Amino acid sequence: MQNLNTEYKSERILGANRLGIFWANFKDGKFTHISDFEGDKSPNILNYALPELLQSKTRVLYPMVRKSYLQNNGVSKNELRGKEEFVRVSWDKALDLAAKALKDSFEKYGAQSIYGECYWWGGSGKIGFGRSVAHRMLSLLGGYVRESGDYSTGAGLVIMPHVLGSSAVYDKPTKWKAVIKNAKNVVFWGTNPIITSQISGTPPTHDGYECMKELKNTKNIKCYSVDVMTNETAKFFNSENIIVRPNTDVALMLGMCHYLLVNNLYDDKFITTYTVGFDKFKAYLLGQSDGVVKDISWASKICGVDAQDIIDFTKKISREKTTILIGRSLQRADHGEQVFWALVALNSMLGYIGMEGLGFEFSLGYSASGAQDKIAPKLKSINSNPNKNAKLITIPSSRFIEALAGEIKELDYNGIKINLPNIKVGYFASGSLFTRHQDVNNIIRNWHKLDTVITAEPYWTSTAKLSDIVFPVALEIERNDINQSSNTNEYILAYKPITTPAGESKSDFWICEQICKRWGLGEAFSEGKDELGWMREIYNEAKEDAKKLDIEMPEFDEFYQEGFVKFDKDNKDSELYTRLSDFRADPKKFALNTPSGKIELYSEVIAGFGYEDCPAHPAWLEPFEWLGDEELTEKYPLHLVSAHSRYRLHSQLNNSVIGEFASVACREPILINPQDANLRALQNGDIVRVFSARGEILAGVFISEAVPKNVCVICEGAWYDPEILGEESLCKHGCVNVLTRDKGSSKLSQSNTSHTTLVQVEKFKGEIKPITAFSKSNIVESI
Ligand SMILES: Nc1nc2c(c(=O)[nH]1)N[C@H]1C(S)=C(S)[C@@H](COP(=O)(O)OP(=O)(O)OC[C@H]3O[C@@H](n4cnc5c(=O)[nH]c(N)nc54)[C@H](O)[C@@H]3O)O[C@H]1N2
Ligand SMILES: Nc1nc2c(c(=O)[nH]1)N[C@H]1C(S)=C(S)[C@@H](COP(=O)(O)OP(=O)(O)OC[C@H]3O[C@@H](n4cnc5c(=O)[nH]c(N)nc54)[C@H](O)[C@@H]3O)O[C@H]1N2
Ligand SMILES: [Mo]
């Protein structure tokens, strides 16, 4: 083990978060700037915003309660949320009110009345990650409603266990090294790792970029990009681009499968040895089951790719060893399950699955996924469900507003019926509902149905502004925690308070502990330890585990002072790890966890569900909105893609100096093709109104040939800034989810369909009002 930190000086302290690992530099005791950590293989600029962001005027500095709620000492005038002032209160007062609201609701209406989804991306750490400690608190209370699956890969996570016997998406990925060693073609299918690898669930070391550089420099590997636009990854690799109409990849894949079938270019041996259900899939391809032949010309008409191009591509990847890397946005769509299933079918026919470095891969779009991992102990984390008797009610991720609306009592989901809970109190931490969730106007219409909204947030986000109780939260660099770098486990990292928390901010851990104290459960929450105590314990357990790996780690105090421990021994066993290689080598011994033990190209289980929107084999089903719908496109002629921004982690950093890199006319940019801009007499920098059947936003025009005609891109995550907060209205700033529809992908996974959205764009002629997203809420000092 090597200790990199030889030149430790007190003028700089190591820090880490989901954007990276960095040095915080000080001058005369003042945090001045960030410099790159030498262990970060490809540092990104995003953390450079930190010194300013720490003190941003958007920080919530004190505990706040909405005026009427405070006056009434509880539930009052829900419809005034977002319109009324907040009153600064003491921590005791805010915590008392929150503890009472949660407890009363639990006692009166049970676990189903409390929503603790607390999403994913705000904060991190093995101890005080807002989501984990909020779940721990609500588990101790006795139960709550949480989500199953996620917004990222919700459809994939539910379909893949039926097909591959595991959720697959988050399984250990194939190593880049194996890909580079073996593949002749690497296909980036709806994935943009040059952008999305910037961040990770735990602090990234960005080794993925090294691997991508190596791929780029390897002669004789051809890169393809199958995407709705020419993205940054396609540009980086100088890929051959296959531009597909949004949401039609399944048709393209089926056309390719048909071509492989009728030209006898498919791997019959792989199909018979490793899959079941090919006959039924074949009948569908040949049109025997529905009268529609899924040939190249059929596919070409739907997906917009030239028939000869599809043929050339299919021939090339069938003749030469190929790896297909697939992204996630294409399954955040109506019938999003089908695209992952069709991908598996196509790869089964190609027959490369399980061959070293070949086949399909879902997860090379993150930080260091697929890079060489290190031998290191695994850090434990705080238990987020310590109460064995807690009633945990799950609803599919992204179905929360459906529950709140109360119109649907029962929801079909993966073969069962789910009773939607009657939610009264929401505890929000680590997530940003109004930028994350679809159809924001629909959230607004239902928001008053919540009796109490509690939000733990470092910033005055729209969710904070639309709350009753707001807790000011300390950032990772203002508190103690511990973490492991992602995904190679090269470092164990100490989070330390680099500065004192802004205003009266406190950590999520402290907040949840204080609420538990009010229920007489403080000790059960903390187990008698503060965050530093937990840190010491978790570190020391890892230190013990390391001994079994023949690794000696320094004492805790030394680690805390240095900020990290580095592990530099490569895990040679996994150097060329390839997904499903064991199954390929021995399909009996390593049978998949599916009913047949094989890859299911037809699923009896799914057939048994009888869902018309999720047939029992990969199938093309028209999305509820797409460019092939002639009637709808008359009114809404552009398909809207809401990709992930290079300048943000979802909504995070939009309120920083970096936000300015990513804005046009102070709005979120809309990327639009020159022809579409011409048609509407638009120029760079114009402010446009973008509208759909759900709502309207303003955006700043950025004309780009990277986007084809009839497609436009507005990245997800611009802060929500309606003309009237708390009412359905135009978003002045460009929050894309005002335009998207809140509908489940199918009865199977009920996942979000944010990428199935048609819009129209026109020059905005109304009065342009100033942006208020980054202003504080109205605050009064007392009532
Ligand atoms: N249209 C459309 N919508 C999408 C997507 C899309 O592609 N298109 N993508 C979806 C995907 S994949 C995802 S993962 C979601 C992301 O959805 P979220 O996870 O909700 O996204 P963030 O904006 O990162 O929200 C994190 C929030 O936590 C706050 N925060 C930061 N640090 C802390 C902390 O220490 N403690 C607490 N309590 N809070 C903190 C931040 O200020 C921020 O408001 O969005 C989904 N929504
Ligand atoms: N910088 C940065 N990195 C991130 C995030 C972030 O917010 N910022 N978020 C992280 C998270 S939580 C997640 S889940 C991942 C998301 O990872 P992804 O979902 O893979 O990322 P996206 O940017 O939504 O989309 C990737 C590519 O898919 C293309 N695409 C969109 N629709 C279609 C389609 O119908 N067909 C095809 N073929 N292509 C399509 C887009 O043009 C884009 O080039 O990224 C992670 N990385
Ligand atoms: Mo995600």
Side-chain angles (χ1 to χ4, degrees), residues 17-19 44 46 58 117-125 128-131 133-134 150-154 188-193 195-201 225-234 242-249 252 303 326-333 339 365-367 398 428-438 455-459 461-464 471 473-476 478-479 507-508 511 623 626 639-655 706-707 711 713-717 719 735-737 739-740 752 754-757:
N17 57 23
R18 293 180 189 245
L19 306 170
N44 67 42
L46 298 179
T58 56
E117 191 201 31
C118 309
Y119 209 60
W120 270 107
W121 287 94
S124 59
F129 172 32
R131 174 183 168 92
V133 287
D150 58 30
Y151 283 72
S152 313
T153 53
F188 292 86
W189 200 310
T191 180
N192 193 8
I195 299 302
T196 54
S197 297
Q198 283 182 306
I199 59 93
S200 194
S225 168
V226 186
D227 205 284
V228 297
M229 64 178 290
T230 311
N231 67 20
E232 290 80 356
T233 304
I242 296 171
I243 302 290
V244 62
R245 204 173 263 157
N247 285 200
T248 65
D249 301 78
L252 173 57
C303 73
I326 195 155
R328 296 165 176 192
S329 58
L330 14 66
Q331 55 83 67
R332 289 198 285 281
V339 72
Y366 263 17
S367 146
S398 85
F428 297 88
S430 294
S432 169
L433 183 77
F434 288 86
T435 51
R436 177 201 335 133
H437 191 78
Q438 288 59 57
T455 299
E457 250 295 342
Y459 306 105
T461 59
S462 41
T463 315
F471 295 135
V473 172
L475 302 171
E476 284 113 326
E478 297 170 329
R479 61 183 179 83
S507 65
D508 286 289
I511 295 166
W626 70 300
H639 195 115
L640 171 68
V641 175
S642 43
H644 290 220
S645 169
R646 69 198 300 169
Y647 298 115
R648 283 195 295 268
L649 172 51
H650 308 296
S651 71
Q652 297 183 71
L653 301 178
N654 201 205
N655 54 330
V707 184
V711 174
V713 178
I714 302 177
C715 286
E716 55 108 33
W719 280 30
C735 169
V736 79
N737 276 320
L739 305 172
T740 55
N752 82 81
S754 50
H755 282 248
T756 303
T757 305

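As the structure lists them, so they are numbered: ligands from 1, and atoms in each ligand from 1. This one's a predicted model, so the numbers in the text were calculated from it and none came from an experiment.
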S.K.: In terms of residue, atom name and distance, what is the protein heavy atom nearest to atom 10 (C) of ligand 1?
M.R.: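 The protein heavy atom lying closest is Y151 CB, 3.9 Å.
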S.K.: Which of the atoms in ligand 2, numbered in the order shown and given with their element, are less than 4.0 Å from a heavy-atom of V226?
M.R.: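 Those qualifying, in numeric order: 38 (N).
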S.K.: Considering non-hydrogen atoms of the protein only, which is the closest contact for atom 30 (N) of ligand 1, and what is the distance?
M.R.: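 Its nearest protein heavy-atom neighbour is G122 CA, 3.4 Å.
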S.K.: Any nitrogen or oxygen of R479, side chain or backbone, less than 3.5 Å from one on ligand 1?
M.R.: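 Among all N and O atoms of R479, none is under 3.5 Å from an N or O of ligand 1.
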S.K.: Which atoms of ligand 2 have any heavy atom of P246 under 4.0 Å away?
M.R.: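 Counting from 1, the qualifying ligand atoms are 35 (O).
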S.K.: Just to be sure I'm reading this right: ignoring hydrogens, which of N192, D249, T196, T756 gets closest to atom 21 (O) of ligand 2? Compare them by their nearest heavy atoms.
M.R.: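 The option holding the nearest heavy atom is T196.
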S.K.: For ligand 1, which atoms sit closer than 4.0 Å to a heavy atom of Y459?
M.R.: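 In order of numbering, the contacting atoms are 42 (O).
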S.K.: Counting heavy atoms only, which part of Q198 comes closer than 4.0 Å to ligand 2: side chain, backbone, both or neither?
M.R.: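 The answer is the side chain of Q198.
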S.K.: Using a distance-only test with no angle check, is there a side-chain donor-acceptor pair under 3.5 angstrom linking E716 and N737?
M.R.: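 Not at all, the side chains of E716 and N737 share no donor-acceptor pair under 3.5 Å.
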S.K.: Look only at interatomic distance and state if S651 has a nitrogen or oxygen under 3.5 Å from any nitrogen or oxygen of ligand 1.
M.R.: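 Yes, S651 has an N/O under 3.5 Å of an N/O on ligand 1.
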S.K.: Quick check: do L640 and V736 have side-chain heavy atoms less than 4.5 Å from each other?
M.R.: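 Yes, side chains in contact.
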S.K.: Just which atoms of ligand 1 are under 4.0 Å from any heavy atom in N737?
M.R.: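 Close to N737: 1 (N), 2 (C), 3 (N).
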S.K.: I'd like to check N231 versus F188 (side-chain heavy atoms, cut-off strictly below 4.5 Å). Are they in contact?
M.R.: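 Side chain of N231 against side chain of F188, heavy atoms only: no contact under 4.5 Å found.
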S.K.: Regarding ligand 1, does T740 bring an N or O atom to under 3.5 Å of one of the ligand's N or O atoms?
M.R.: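 The answer is no, given that T740 and ligand 1 share no N or O pair closer than 3.5 Å.
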S.K.: Of the listed options (C735, S642, A643), which comes nearest to atom 6 (C) of ligand 1 when hydrogens are ignored and any heavy atom counts?
M.R.: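 The residue whose heavy atom sits nearest atom 6 (C) of ligand 1 is S642.
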S.K.: Considering only non-hydrogen protein atoms, determine which one is nearest to atom 29 (C) of ligand 1 and report residue, atom name and distance to 0.1 Å.
M.R.: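 I find the closest protein heavy atom is E457 OE2, 3.1 Å.
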S.K.: How many angstroms lie between atom CG of L330 and atom NE2 of H755, to the nearest 0.5 angstrom?
M.R.: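 The CG atom of L330 sits 9.0 Å away from the NE2 atom of H755.
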S.K.: Taking only heavy atoms of G327 into account, list the atoms of ligand 2 that are under 4.0 Å away from them.
M.R.: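 In order of number, 20 (O).
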S.K.: Using 4.0 Å as the upper bound for N to carboxylate O, is an ion pair formed by R436 and E117?
M.R.: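 Judged by the 4.0 Å cut-off on N to carboxylate O distance, E117 and R436 do form a salt bridge.
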S.K.: Which ligand 1 atoms does D508 reach within 4.0 Å, using its non-hydrogen atoms?
M.R.: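 Near D508, meaning under 4.0 Å from one of its heavy atoms, ligand 1 has 34 (C), 35 (O), 36 (N), 37 (C), 38 (N).
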S.K.: Within the 4.5 Å heavy-atom criterion, are M229 and V711 side-chain neighbours or not?
M.R.: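 M229 vs V711: side chains apart.
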S.K.: Under 3.5 Å between any N/O of T461 and any N/O of ligand 1: does that happen in this structure?
M.R.: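 For ligand 1, there is no N or O atom that lies under 3.5 Å from one belonging to T461.
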S.K.: Among P458, S124, C715, C118, whose heavy atom sits nearest atom 40 (C) of ligand 1?
M.R.: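 Ranked by closest heavy atom to atom 40 (C) of ligand 1, first place is P458.
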S.K.: Suppose we measure from atom 5 (C) of ligand 1 to each protein heavy atom; which comes out shortest, and what is that distance?
M.R.: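 Answer, as residue, atom name and distance: E716 OE1, 3.5 Å.
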S.K.: For atom 31 (C) of ligand 2, what's the nearest protein heavy atom and its distance?
M.R.: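 Residue, atom and distance for the closest contact: S329 OG, 3.2 Å.
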S.K.: Can you tell me the protein heavy atom closest to atom 23 (O) of ligand 2 and the distance?
M.R.: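 Heavy-atom neighbour on the protein nearest atom 23 (O) of ligand 2: H644 N, 3.0 Å.
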S.K.: Answer side chain, backbone, both or neither: which part of N231 comes under 4.0 Å from ligand 2, heavy atoms only.
M.R.: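 Side chain only.
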S.K.: So, applying side-chain contact (heavy atoms from CB on, under 4.5 Å) with N247, which one of V228, T756, T757 is it?
M.R.: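 One option only clears the test, and that one is T756.
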S.K.: Could you identify the single nearest non-hydrogen protein atom to atom 43 (C) of ligand 2 and state the distance to 0.1 Å?
M.R.: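 Going by distance alone, atom 43 (C) of ligand 2 is nearest to D227 OD2, 3.6 Å.
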S.K.: Starting from the C-alpha separation in whole Å, work towards a yes-or-no answer on side-chain contact (heavy atoms from CB on, under 4.5 Å) for L19 and L653.
M.R.: CA-CA 11 Å; L19 306 170; L653 301 178; 4.0 Å; yes
S.K.: What atoms of ligand 2 come within less than 4.0 Å of a heavy atom belonging to V244?
M.R.: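 Going through ligand 2 atom by atom, the ones under 4.0 Å from V244 are 38 (N).
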S.K.: Around atom 33 (C) of ligand 2, find the nearest protein heavy atom and jot down its residue, atom name and distance.
M.R.: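 Result: V228 CG1, 3.5 Å.
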S.K.: Tell me, which protein residue and heavy-atom name are nearest atom 17 (O) of ligand 1, and how many Å apart are they?
M.R.: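 Answer, as residue, atom name and distance: R436 CG, 3.3 Å.
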S.K.: Pick one of side chain, backbone, both or neither for how S645 approaches ligand 2, counting any non-hydrogen atom pair under 4.0 Å.
M.R.: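 The backbone, only.
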S.K.: Between ligand 2 and W121, is the shortest N or O to N or O distance under 3.5 Å?
M.R.: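 There is no such contact.
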S.K.: If the cut-off is 4.0 Å to any non-hydrogen atom of W120, which atoms of ligand 1 fall inside it?
M.R.: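 Within the 4.0 Å cut-off of W120, ligand 1 contributes 19 (O).
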S.K.: Counting only heavy atoms closer than 4.0 Å, does ligand 2 sit against the backbone of M229, its side chain, both, or neither?
M.R.: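 It is the side chain that gets close, since no backbone atom is under 4.0 Å.
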S.K.: Which ligand 2 atoms are under 4.0 Å away from a heavy-atom of I195?
M.R.: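 Once the distances to I195 are compared, the set is 1 (N), 2 (C), 3 (N).
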S.K.: At what distance is the nearest protein heavy atom to atom 26 (C) of ligand 1, and which residue and atom is it?
M.R.: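 For atom 26 (C) of ligand 1, the nearest protein heavy atom comes out as S430 O, 3.4 Å.
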S.K.: Going by heavy atoms, is H437 under 4.0 Å from ligand 1?
M.R.: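 H437: no contact with ligand 1 (<4.0 Å).
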S.K.: Quick check for you: to the nearest 0.5 Å, what is the distance between S645 atom OG and Q652 atom CD?
M.R.: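 S645 atom OG to Q652 atom CD measures 12.0 Å (nearest 0.5 Å).
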S.K.: In terms of atom number and element, which parts of ligand 1 are under 4.0 angstrom from non-hydrogen atoms of L649?
M.R.: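 Counting atoms of ligand 1 from 1, those under 4.0 Å from L649 are 24 (O).
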S.K.: Nearest 0.5 angstrom please: T58 OG1 to E457 CD, how far?
M.R.: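 Between T58 OG1 and E457 CD, I get 9.5 Å after rounding to 0.5 Å.
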S.K.: Any luck finding a side-chain donor-acceptor pair between E476 and S124 under 3.5 Å?
M.R.: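 Looking only at side-chain atoms, S124 and E476 do form a donor-acceptor pair, the distance falling under 3.5 Å.
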S.K.: Tell me, which protein residue and heavy-atom name are nearest atom 39 (N) of ligand 2, and how many Å apart are they?
M.R.: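 Going by distance alone, atom 39 (N) of ligand 2 is nearest to G190 CA, 3.4 Å.
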S.K.: Of all the heavy-atom pairs spanning F129 and R479, show the shortest one and how long it is.
M.R.: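 F129 and R479 have their closest heavy atoms at N-NH2, 4.4 Å.
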S.K.: Would you mind listing which atoms of ligand 1 come within a distance below 4.0 Å of any non-hydrogen atom of V736?
M.R.: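 Close to V736: 1 (N).
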S.K.: Rounded to the nearest 0.5 Å, what separates atom CG in N17 from atom CG in L46?
M.R.: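 One finds 9.5 Å between CG of N17 and CG of L46.
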S.K.: Quick check: Y119 and ligand 1, any N/O pair under 3.5 Å apart?
M.R.: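 There is no such contact.
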S.K.: To which protein heavy atom is atom 46 (C) of ligand 2 closest, and what is the distance rounded to 0.1 Å?
M.R.: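 Nearest protein contact, heavy atoms only, for atom 46 (C) of ligand 2 is Y366 CE1, 3.5 Å.
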S.K.: Among all the protein's non-hydrogen atoms, which is closest to atom 24 (O) of ligand 2, and how far away is it?
M.R.: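 Checking every protein heavy atom, the shortest distance to atom 24 (O) of ligand 2 gives R332 NH2, 2.9 Å.
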S.K.: Is there side-chain contact between D150 and Y119, with heavy atoms separated by less than 4.5 Å?
M.R.: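 A side-chain contact exists here, since the closest heavy-atom pair is under 4.5 Å.
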S.K.: For ligand 1, which atoms, with element, lie under 4.0 Å from some heavy atom of S152?
M.R.: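 Under 4.0 Å from S152, ligand 1 has these atoms: 12 (S), 14 (S).
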S.K.: Under a 4.0 angstrom heavy-atom cut-off, which atoms of ligand 2 come close to R648?
M.R.: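 Within the 4.0 Å cut-off of R648, ligand 2 contributes 1 (N), 2 (C), 6 (C), 7 (O), 8 (N).
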S.K.: Judged on heavy-atom distance to atom 38 (N) of ligand 1, which of G431, A474, G130, A456 sits nearest?
M.R.: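 It is A456 whose heavy atom sits nearest to atom 38 (N) of ligand 1.
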S.K.: What residue and heavy atom of the protein are closest to atom 7 (O) of ligand 2, and at what distance?
M.R.: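 Here the nearest protein heavy atom works out to H650 N, 2.9 Å.
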S.K.: I want to know if ligand 1 touches E476 in the polar sense, i.e. an N/O pair below 3.5 angstrom.
M.R.: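 Not met; the criterion fails.
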S.K.: Check whether any side-chain heavy atom of T461 lies under 4.5 Å from a side-chain heavy atom of F428, and answer yes or no.
M.R.: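 No, every pair of side-chain atoms sits at 4.5 Å or beyond.
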S.K.: Look at atom 35 (O) of ligand 1 and say which protein heavy atom is nearest, naming residue and atom and giving the distance to 0.1 Å.
M.R.: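 For this ligand atom, the closest protein heavy atom is G123 CA, 3.5 Å.
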S.K.: Which atoms of ligand 2 are found less than 4.0 Å from any heavy atom of V641?
M.R.: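 Near V641, the atoms of ligand 2 are 31 (C).
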